[in-house]
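These notes are about the structure you will find just below.
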Amino acid sequence: MDFNYDIVVVGGGHAGCEAAHAAAEMGAKTLLITMDMTKLAQMSCNPAMGGIAKGQIIREIDALGGLSGIVTDASMIQFRMLNRSKGPAMWSPRAQCDRQRFSAEWRKRLENTDNLHIWQEEAERLIIDNGRVSGVETNFGTRFLAKAVILTNGTFLNGLMHVGFKKIKGGRSGDQESGRLSDQLRELGFQVDRLKTGTSARIDGRSINFSVMQEQRGDMEGRSFSFLNDQFNIENPKSCFITYTNREVHEELRKGLEFSPLFTGRIKGRGPRYCPSIEDKIVTFRDKESHQMFIEPEGWDTVEYYINGFASSLPLEAQLGGMRKIPGLENVQIFRPGYAIEYDFFQPTQLKESLETRRIENLFLAGQINGTTGYEEAAAQGLIAGINAVLKIRNKEPFILGREESYIGVLIDDLITKGVDEPYRMFTARAEYRILLRQDNADERMTEKGVLIGVAGRSRLHRLKTKKEKVEEIIEYLKHRSVEPGEINGFLKEHETTGISQKVKAVSIATRPQIRLKDLLSFIKAEEVVKMDEPARIDEIIESAEIRLKYEGYIQRERIIAEKIKRLESLRIPEEIEYSELLSISTEGRQKLTKIKPSNIGQARRISGVSPSDLNILLMYLGR
């Protein structure tokens, strides 16, 4: 074997898999080091991809050439488009996946990626020469030399799992922890802190009484995550089920609080605010009589279910006692208890926009190691780190996505400018320009970028061109097609909207909120305009045309605002600037600017403690 590589990726989770694939697709000789090749991109928590804002991230990853969307499609057992009752900026795709097939599909894809090799062993330390990383050494002493290294260690760095007062070292249930890398980076001067996350018990579906629960089916219309795929009609789709806790459940759980590592101070790291444990919920929301639980299938060929909403580190007896008070779970049997896990992470303000560390050249960090939570956020960082590691060793400018371009840009900008004091989770509310950053147009925003940098294949450009042309054709047809009152008023009445008194263009009907464009096109017999060589794509194309028509004013206004702000925010700040010499800036402002070293005015504006007057002084210094 040749132990010399361009890129070495440490960690085979969602971030590591995307990073390794991206680097290899760009032609870099790449090595992925993982402790267990059978658990690549393991779904350590619930078996689902996407959701609010996260679905947009997966579609962006896919449009850039990443694999998360393709793998999700290959392992889907249910698909739903969330937030349909709201505007399209809030629509978010979500898929329930077969956990085992998801990981197996990732392995198959990676093993068939040119330029990519996999090594199963624990990475013990970095090889560093004169402030630059030059390789990785494993615990058996194997040395891999590399031009750049990407760390994607997830929850494995000094991982410590808790069930009641029992503590076990590990990165997740069944896997050992890894501590030496974290200790080395601390010695090198990195700020290392602790965070906490948790997961729920896995339960035996044969012991669940589904008849008293609310069944939650997937969407009947075929859907896919990847823009490369047409509609997916899942054979034998699996349902999720909804049930609720009650006062009896809460009282049973409270009996175990005195043994809770969270409330007795045994857990030091802060947990995710937006995905709290069940013990967190009953304490924080003491007056709430019930909490919603989702019972989610783990796959086609298993009876294992995940109880979403019941993450816990309580003793086993308390967990089981509480579950057996939940309607439908009175006789539940479990495969393994829920647990909390504490782990080391590195404050992401120590990173550049490219996800390269400021302290060690050519060392990149991605995923939960940067303080995020969720498969989607990790995968996005991995993709960007993989791309930028290759660009760095080729002496090219880094690939940076702006906040007005993508949720991925929002995610990374938030991390490196604000840092985290709890696990970061993406929401649509974090994006200022969410009308521009919809799930339906991720391909329009990202595909050309992905092809240009060499991760996405050129075949995607043809699909994108076809989509754009068809959307324009539909809109132009509606602008020229007239409808008479006698022709359309019956249709309008049926859809509970006002009739017309004179001939109008069909486009004015299409913009009404009560009207679905698909129904209108069918009613006015527009068969020619919706005809395609790939008929399975037409529903998504009609949806894109409908969003364009109904929200054009909002989209245009937000685009103008974004462009105005970008002109100022994109003003670059020289890296060598000495803030300590700009005495007119407040002391706190100088300290924060020195610590974070923003690369542009936009980042500087978002740093807590940097005031508007500080910004004005900085702009004057830069000649603006």
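Model, not experiment: these values are computed from the prediction.
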Any luck finding a side-chain donor-acceptor pair between [X] and [Y] under 3.5 Å?
X	Y	answer
Glu215	Ser239	yes
Gln214	Thr243	no
Arg202	Thr199	yes

[X] with [Y]: basic N within carboxylate O range, under 4.0 Å:
X	Y	answer
Arg336	Glu304	yes
Arg107	Glu111	yes
Asp413	Arg403	yes
Glu472	Arg548	yes
Glu528	Lys531	yes
Lys550	Glu546	yes

Write down the atom of [X], the atom of [Y], and the distance for their closest heavy-atom approach.
X	Y	value
Leu40	Ser103	O-OG, 2.7 Å
Ser68	Glu18	OG-OE2, 2.6 Å
Leu437	Ala431	CD1-CB, 4.2 Å
Ala201	Ile307	O-CG2, 3.4 Å
Ala15	Gly367	CB-CA, 4.0 Å
Val455	Gly66	CG1-N, 4.3 Å

[X] side chain to [Y] main-chain N or O, any donor-acceptor pair under 3.5 Å?
X	Y	value
His14	Gln42	yes
Tyr375	Pro47	no
Thr302	Glu298	no
Ser207	Ile203	no
Gln78	Gln216	yes
Asp98	Met76	no
Asn388	Phe399	yes
Glu404	Arg559	no
Arg430	Arg425	yes
Arg512	Leu492	no

Inset, instruction - List the steps and the verdict of salt bridge (charged side-chain N to carboxylate O under 4.0 Å, His left out) for Arg458 and Glu448. - result: CA-CA 9 Å; Arg458 297 196 65 83; Glu448 291 181 6; over 6 Å; no
Inset, instruction - Kindly determine whether Leu31 and Leu116 satisfy side chain to side chain contact (heavy atoms under 4.5 Å, CB included), including the steps that lead there. - result: CA-CA 6 Å; Leu31 177 70; Leu116 178 58; over 6 Å; no
Legend entry - Phe227 six-ring centre to Arg59 NZ/CZ under 6.0 Å and within 45° of normal: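 The answer is yes, since Arg59 meets both limits relative to Phe227.
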Inset, instruction - Please determine if Arg84 forms a cation-pi arrangement with Trp91, meaning its NZ or CZ atom is less than 6.0 Å from the six-membered ring centre and no more than 45° off the ring axis. - result: yes
Point-to-point distance, once rounded to the nearest 0.5 Å, from [atom1] of [X] to [atom2] of [Y]:
X	Y	atom1	atom2	value
Ile57	Gln381	CD1	CD	9.0 Å
Gln56	Asp440	CD	CG	9.5 Å
Ser482	Gln502	OG	CD	11.0 Å
Glu473	Ile541	CD	CD1	10.0 Å
Asp73	Phe225	CG	CZ	8.0 Å
Ile234	Asn236	CD1	CG	10.5 Å

Inset, instruction - Run the numbers on Asp230 and Arg223 for salt bridge (charged side-chain N to carboxylate O under 4.0 Å, His left out), then give the verdict. - result: CA-CA 7 Å; Asp230 296 324; Arg223 284 285 180 162; over 6 Å; no
Legend entry - Audit row: Thr428, Ile52, side chain to side chain contact (heavy atoms under 4.5 Å, CB included) steps and yes/no: CA-CA 7 Å; Thr428 50; Ile52 306 301; 4.2 Å; yes
Test item: [X] and [Y] side chains (from C-beta on) under 4.5 Å apart, heavy atoms:
X	Y	answer
His117	Thr30	no
Glu296	Tyr305	no
Leu478	Leu517	yes
Glu60	Glu405	no
Lys467	Arg537	yes
Asp175	Lys39	yes
Arg94	Lys54	no
Asp443	Asp62	no

Legend entry - Qualifying residue, where the test is side chain to side chain donor-acceptor pair (under 3.5 Å) with Tyr424 and the options are Thr372, Thr373, Asp414: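 Filter result, single survivor: Asp414.
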Does [X] [atom1] have over 12 foreign heavy atoms under 6.0 Å away?
X	atom1	answer
Tyr554	OH	no
Gln100	CD	no
Arg217	CZ	no
Lys465	NZ	no
Glu543	CD	yes

Legend entry - side chain to side chain contact (heavy atoms under 4.5 Å, CB included) between Met532 and Lys470, worked out: CA-CA 9 Å; Met532 288 188 71; Lys470 200 65 182 177; 3.8 Å; yes
Legend entry - Worked check of side chain to side chain donor-acceptor pair (under 3.5 Å) between Arg460 and Thr447: CA-CA 7 Å; Arg460 286 180 178 267; Thr447 297; 5.4 Å; no
Legend entry - Test log, rule side chain to side chain contact (heavy atoms under 4.5 Å, CB included), inputs Ile384 and Ile400: CA-CA 8 Å; Ile384 299 303; Ile400 309 299; over 6 Å; no
